[in-house]
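Take a look at the structure set out below.
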Amino acid sequence: MSTADIGVVGLAVMGSNLARNFARHGFTVAVYNRTYAKTEEMMSAHGDEGNFVPSQELSDFVASLARPRKAMIMVQAGKATDAVIDQLAELMEPGDMIIDGGNAHFDNTRRREAALRERGLHFVGTGVSGGEEGALLGPAIMPGGSAESYESLGPILEAIAAKAPDGTPCCTRLGPDGAGHFVKMVHNGIEYSDMQLIGEAYDLLRRGAGIEPAELSKLFGEWNAGELDSYLIEVTAEVLGHTDAATGKPFVDVVLDRAGQKGTGRWTVQNALDLGVPVTGIAEATFARALSSGVKQREGTVDLLTGPTEKTELPETFVEDVRQALYASKIVAYAQGFDQIAAASAEYDWGIDLGACSALWRAGCIIRAGFLDKITTAWRENPELPSLLAAPEFTKIVTDAQSAWRRVVSTAALAGIPTPGFSSALAYYDGLRSRRLPAAVIQGQRDFFGSHTYKRVDREGTFHTDWSGDRTEHEM
Ligand code: 6PG
């Protein structure tokens, strides 16, 4: 009987939690895993939560789906994904759809979508954010793919998605082919940036101001009740407040300080370089993770490179300064991420609505934050904003924070505490507000050694100076 509204392939925690979420919302869910034992495991633990149709064979799984068939794959990104897509496509018929809910690279999604479209199948690459708990209780969902596929798939995804404070589901079709996975990639880039900034705030307050983790946990809890209200601040308060059972020490002191990464931050930066979008916060955050795990370089220099010998005097307002610098730098991170989405949307003709994108990040996802309401309003009021920082509310927030921000960055430099996130965000702010940048010198240098030409501030045209001759200027 072909009764299942949707199917899930791959029953590791994310897949099985999504399947349970569908079932808990009244959908009949077909489930399949390469190793059947995993399916049985899920069925015995959670089979009573709703209507599941388990299959041992992929052909039975496909046969159990109502048409148009919807199979969501939750397998490891990469080769495994292609193999599963091929097997499913063989068994499906025109009009059916394959949904990839993993963190796939958007280029792969574009390739897969084009190949399946040729065969009359829909391929929906979708970001799913919120971790394991989110998958079960309500993730933010970022689908791409055809408008036609969203007609029947959209309502199912929207039903299981997190709901924003105003009740709207955190799931919107973002655009064709790779749009959904692209937005999820940038979401993760912002996540990297945000996490790095919070890490720097911790470091400044711990090493700089000598505040202990338990105390910092309370402070982050307080911050979370104000304008910094966000999931990542909340999580940080939890992590800092946790005591290691084995040693009785603060948990944060027994964890090796080498940050891992699965690659989405790196992808974001690689793509930003291709598009020429300065996502400096995401780049610094990604490199900071690389530095933290660059064991050879760290071990080889830690005893050689000295820092300040005198204790740095902290401004009286230091704790509040750090809070404001964190808020302003976070806003820069989001602003840069939106710039990248806008640039990619133009490049790939996706038509991504930035207001819809920020609205769907308001709940369920890792970068959910109170101020996403304001960001949503800013894009909705003016989708043509040249930068989020040009929206009056955000202009005010970052300019009001600048004194504190400057005190924090200069104090950090004097104290020898690395703040690549705070510093680069402030440099970005100062870069944007500078009427003249030193790029004029760069243009002169380029023309000097490579005849790369330049433009002038006072008249139209392209020019070259005969640097090695009599230094006359020629219009090209
Ligand atoms: C989410 C997360 C999720 C995950 C990433 C990042 O939105 O639920 O972003 O996708 O945590 O895999 O992991 P790394 O830090 O390992 O790159």
Side-chain angles (χ1 to χ4, degrees), residues 76-78 103 105 107 131 184-210 213 216 232 235-236 239-240 242 244 247 249-309 312 322 325-326 329-330 332-333 336-337 340 366-367 408-428 431:
Q76 250 190 358
N103 273 333
H105 192 286
D107 268 340
K184 176 58 168 56
M185 177 188 80
V186 175
H187 163 284
N188 281 28
I190 295 173
E191 172 185 306
Y192 273 49
S193 188
D194 211 343
M195 292 166 79
Q196 171 66 21
L197 291 167
I198 295 172
E200 290 176 19
Y202 156 78
D203 206 14
L204 286 163
L205 296 172
R206 179 92 191 268
R207 270 208 279 171
L216 285 175
L232 284 169
V235 166
T236 310
V239 171
L240 292 177
H242 182 58
D244 175 51
T247 59
K249 290 183 181 166
F251 167 81
V252 74
D253 286 349
V254 298
V255 175
L256 203 61
D257 61 342
R258 294 179 206 158
Q261 50 181 314
K262 292 209 204 78
T264 44
R266 186 172 61 238
W267 293 347
T268 313
V269 181
Q270 285 167 339
N271 169 266
L273 289 170
D274 288 340
L275 293 174
V277 183
V279 292
T280 54
I282 301 171
E284 288 295 353
T286 309
F287 286 131
R289 287 196 191 191
L291 188 148
S292 77
S293 43
V295 178
K296 181 177 116 189
Q297 290 81 0
R298 285 183 73 184
E299 284 182 352
T301 55
V302 67
D303 295 323
L304 304 175
L305 307 176
T306 60
T309 43
T312 307
V322 170
L326 178 56
S329 303
K330 257 165 158 329
V332 165
Q336 293 181 341
Q340 184 169 353
I366 304 292
I367 65 166
V408 168
V409 169
S410 53
T411 307
L414 289 172
I417 298 172
T419 53
F422 282 174
S423 310
S424 74
L426 181 59
Y428 179 80

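Nothing fancy with the numbering, it's 1 onward along the sequence.
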What is the minimum heavy-atom distance between Gly416 and Arg207, and which atoms define it? O-NH1, 4.4 Å
Could you go through Asn271 and Met185, starting from their C-alpha distance and side-chain angles, then the distance that decides it, and tell me whether this counts as side chain to side chain contact (heavy atoms under 4.5 Å, CB included)? CA-CA 10 Å; Asn271 169 266; Met185 177 188 80; 4.0 Å; yes
Do you know the tightest heavy-atom contact between Pro418 and Asp203? CD-OD2, 4.3 Å
Test side chain to side chain contact (heavy atoms under 4.5 Å, CB included) on Phe422 and Leu204; report intermediate values, then the result. CA-CA 11 Å; Phe422 282 174; Leu204 286 163; 3.5 Å; yes
Nearest heavy-atom neighbours spanning Val322 and Ala201: CG1-CB, 3.7 Å
Using a strict cut-off of less than 4.0 Å between a Lys/Arg side-chain nitrogen and an Asp/Glu carboxylate oxygen, indicate whether Lys249 and Asp244 qualify as a salt bridge. no
Closest heavy-atom pair, Ile282 versus Ser193, reported as atoms and distance to 0.1 Å, is N-OG, 4.0 Å
Just so I know, are the side chains of Thr268 and Gln340 near enough to count as touching, which here means a heavy-atom distance under 4.5 Å? yes
Starting at CG of Asp194, measure out to CD of Glu191 and round the result to the nearest 0.5 Å. 8.5 Å
For Thr280 and Gln336, does a side-chain donor sit closer than 3.5 Å to a side-chain acceptor? yes
Rounded at 0.5 Å granularity, tell me how far CD1 in Ile417 sits from CG in Leu205. 9.0 Å
Just so I know, are the side chains of Tyr202 and Val252 near enough to count as touching, which here means a heavy-atom distance under 4.5 Å? yes
Using only atom types and a distance under 3.5 Å, with no angle test, would you say the side chain of Ser293 pairs donor to acceptor with the backbone of Arg289? yes
Quick check: does any side chain N or O of Gln196 sit under 3.5 Å from a backbone N or O of Ala288, one acting as donor and the other as acceptor? no
Rounded to the nearest 0.5 Å, what separates atom CG in Leu240 from atom CG in Leu216? 6.0 Å
Looking at CZ of Arg298 and CG of Asp257, how far apart are the two atoms once the value is rounded to the nearest 0.5 Å? 4.0 Å
What's the verdict on side chain to side chain contact (heavy atoms under 4.5 Å, CB included) for Thr264 and Tyr192, showing C-alpha distance, side-chain angles and the deciding distance? CA-CA 9 Å; Thr264 44; Tyr192 273 49; 4.0 Å; yes
Please report the closest heavy-atom contact between Glu284 and Ser424, naming both atoms and the distance. CG-OG, 3.5 Å
Enclosure of Gln261 CD (heavy-atom neighbours >12, cutoff 6.0 Å): yes
For the backbone of Thr286 and the side chain of Arg266, can you confirm whether one donor and one acceptor N or O come within less than 3.5 Å of each other? no
Inter-residue atom distance Ser423.OG - Glu200.CD, 0.5 Å rounding: 7.0 Å
